[in-house]
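By convention in this document, chain letters (A, B, ...) are assigned in the order of the sequence lines, proteins followed by strands, and residues within each chain are numbered from 1. Worth knowing before you read on, the calculation uses all heavy atoms, side chains too, and leaves out hydrogens, waters and symmetry mates.
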Protein chains: 2
Amino acid sequence: MAVTIADVARHAGVSRSTVSYVLSGNRTISPETIKRVERSIAALGFRPHAGARSIRTRRTGVIAMALPMVHGPHNQVQMPYVWAALTAAQECGLKVLMLTDDDGEAAIRDVVSGAYADGVMLMEVQRRDPRIALLTGLDSPAVLVGTPDDPRGLPRVDFDFALAARTCAEHLHELGHTAVGYLGQPPEAFAKDVAYAVHARQSVLAALADRGQRGVWAPCEPTPGGVVRALDDLLARDPGLSALIVYNERILPLVLDRLAGLGARVPDDFSVIAICPDDEAERCDPPLTSVSLPAEALARAAVRSLARRIEGEELPAAALLAPELKIRASTGPRRRPGPPGTTR
Amino acid sequence: MAVTIADVARHAGVSRSTVSYVLSGNRTISPETIKRVERSIAALGFRPHAGARSIRTRRTGVIAMALPMVHGPHNQVQMPYVWAALTAAQECGLKVLMLTDDDGEAAIRDVVSGAYADGVMLMEVQRRDPRIALLTGLDSPAVLVGTPDDPRGLPRVDFDFALAARTCAEHLHELGHTAVGYLGQPPEAFAKDVAYAVHARQSVLAALADRGQRGVWAPCEPTPGGVVRALDDLLARDPGLSALIVYNERILPLVLDRLAGLGARVPDDFSVIAICPDDEAERCDPPLTSVSLPAEALARAAVRSLARRIEGEELPAAALLAPELKIRASTGPRRRPGPPGTTR
DNA sequence: CCGATGTGTCGAATCGATTCGACAGCGGAC
DNA sequence: GTCCGCTGTCGAATCGATTCGACACATCGG
């Protein structure tokens, strides 16, 4: 049924090996022969059989992307990473096999030792991630996306949360804010010890403390009620709060709503910095000053690293991506506390 | 490096073919031999090389999932489908190769004629989808998820939008609503002729007309301003509106906010039905009466169908999934029009 | 006791590609 | 004119599995 290299060879009047050398360029072939073979390939629509090829070359041209199921099936945050990874992989000439881990780690082992893929990208690595031990055991090329407590020598790629936090703290510090609230992911993310949630919170609180700013934090459910409770909680614990750092895309409009409901104008009475993708920040009213975590860049870096690792290169232990501060309309100088402004 | 079937055979003291027959069960093997071979397999950690296997069996155990880039890279809606498909595939013993189509259709052709995958699931099929002609040309097993104008004989799976629309219209009809507004996806979805957006709108308007109800519709951006404009537009075109059907997950809370802002209580002054996943409907305040589109079921049906198609079965031309009406707190009988209720 | 009938196992061919070693032809140096 | 070296091509071995045909051996009925 399918066209094989033998069909091409016959059609072009050369041997199979010649066709193969035209394909790989591993030996010099005369220009006329190349042309003839290429014409035959095009005429017959030949594509080398990936399986057959992989058995000699020990390369499949496929990488596996292992998504953990940390937020339940309705996780909304991962798609941009997936997209970016697919695009980056395509640019590197790689295809992507997607894995979930609801079946334990069996899928990863299958894919690696069954030679379905040349390497693995572990997405959203957790602080103590059982997949790490598995991968070091399989000694397959691998890249971690996220920061575990112990990377076991595997190269990792992540956002630079420490720098992001310092950037936020610094910006608010310059504007004169001395008491800052931090709204993070839903409580279950912290309960499950989700790595980026914990790292971001730690980094923010540490950065604030470094500059002598007061900091209080709360997790936040992505519901109107959850936002009300979380904000009330923060304000009760520090009534002098004049700024907020929010790392939770889904609650941004709700937070602005609630602040308006409390009679606080943004940025006149209250400054807000979001840690989120740019388009989410721009979509809000007013557009939010934000520190953007470049998901595309992260996924791209991970794919590129893995590609290089597969080629045999040694990689640096960690590659951290710098966040970017974009000042928009939601941050301003701290006003002396006075009567709350009028609601608009 | 890797363990091959020859290693297992040597370790177990049998021939390679015997090991293979133990693996496939294609010939009777004595229980003792089976036990010995299985022990060797476990001891050596042997997994058959997928590529080598695929060249004889003409099966890879992989399916391709082709996601179109219809909403830009920040599409938030597809993840549940992806999850569900991955899970369903795992249950069927299949792995999933993900494709995007930003590279044209080359990726699909590569994967199919390069024998990377046994079949293709086309996600979010558009009304005139160029991938369809490509696939019929490649004659590879395929399943369409969505409804194109011309399926070209390919089996498809989709939500039953007509039934969903009738269900909504009927429910509102019984409650006495005679003028109903429909809020759909953002304008660009209609501009690009995105199939489900167009089909849902057509179905709703037709179902309303069938029951003698008035219907007006508008697309809607997922921003506060967009919701305000869309609602104002609907109310300007039919001031007698007493109910709303919303098919756009992201705007649900914003719509409720805006209605409250207009002084309309839900459901006393205004009924709202959402077409959305259950958890989104429950998350709102008040919880929304909804017609749920079971994304998991859709993806599962698609994967199962493809698996059967790969096994050689003929499939029905279309499999439509029935939606489910869940009555919650956002729909109620139509009141005589009077002075707007007090805001809460 | 002998031939027919199964059982269980093996050797060898096969799938579709890559790659090593060999070799034919050809031009240039001596 | 002969020999050397280079270029371009080919045949055959190889990768890791599956599967066909054959065969050794045990079992059973007549």
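Every residue two or more places apart in sequence or in another chain that forms a salt bridge (charged side-chain N to carboxylate O under 4.0 Å, His left out) with R10(A) is listed here: D7(A). The side-chain hydrogen bond (donor to acceptor under 3.5 Å, both in side chains) check on R36(A) picks up nothing, with sequence neighbours excluded. With sequence neighbours left out, R131(B) forms a salt bridge (charged side-chain N to carboxylate O under 4.0 Å, His left out) with D129(B). Listed by chain and number, the residues in a salt bridge (charged side-chain N to carboxylate O under 4.0 Å, His left out) with R59(B) are E311(B) (sequence neighbours excluded). The side-chain hydrogen bond (donor to acceptor under 3.5 Å, both in side chains) search around D160(B) returns none, not counting sequence neighbours.
The C1' atoms of five pairs define one axis at each end of the helix from dC1(C)-dG30(D) to dC30(C)-dG1(D), and these two axes lie 60° apart (to 10°).
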Q: Assess whether side-chain contact (heavy atoms from CB on, under 4.5 Å) is satisfied between R156(B) and L320(B), documenting all intermediate values.
A: CA-CA 8 Å; R156(B) 67 190 175 84; L320(B) 297 183; 3.9 Å; yes

Q) Can you give one letter per nucleotide of nucleotides 15-22 of chain C, going 5' to 3': B for a protein heavy atom under 4.0 Å from the base, S for sugar-phosphate only, - for none? A) BBBBBBBB

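Phosphate proximity of dG8(C) to T28(B): present, with a side-chain N or O under 4.0 Å from OP1 or OP2.
Residue pairs meeting the side chain to side chain donor-acceptor pair (under 3.5 Å) criterion with at least one member in residues 106-117 of chain A, sequence neighbours excluded: D110(A)-R47(B). Sequence neighbours left out, the pairs with a member in residues 298-308 of chain A that pass side chain to side chain donor-acceptor pair (under 3.5 Å) are E91(A)-R300(A), E91(A)-R304(A), R308(A)-E313(A).
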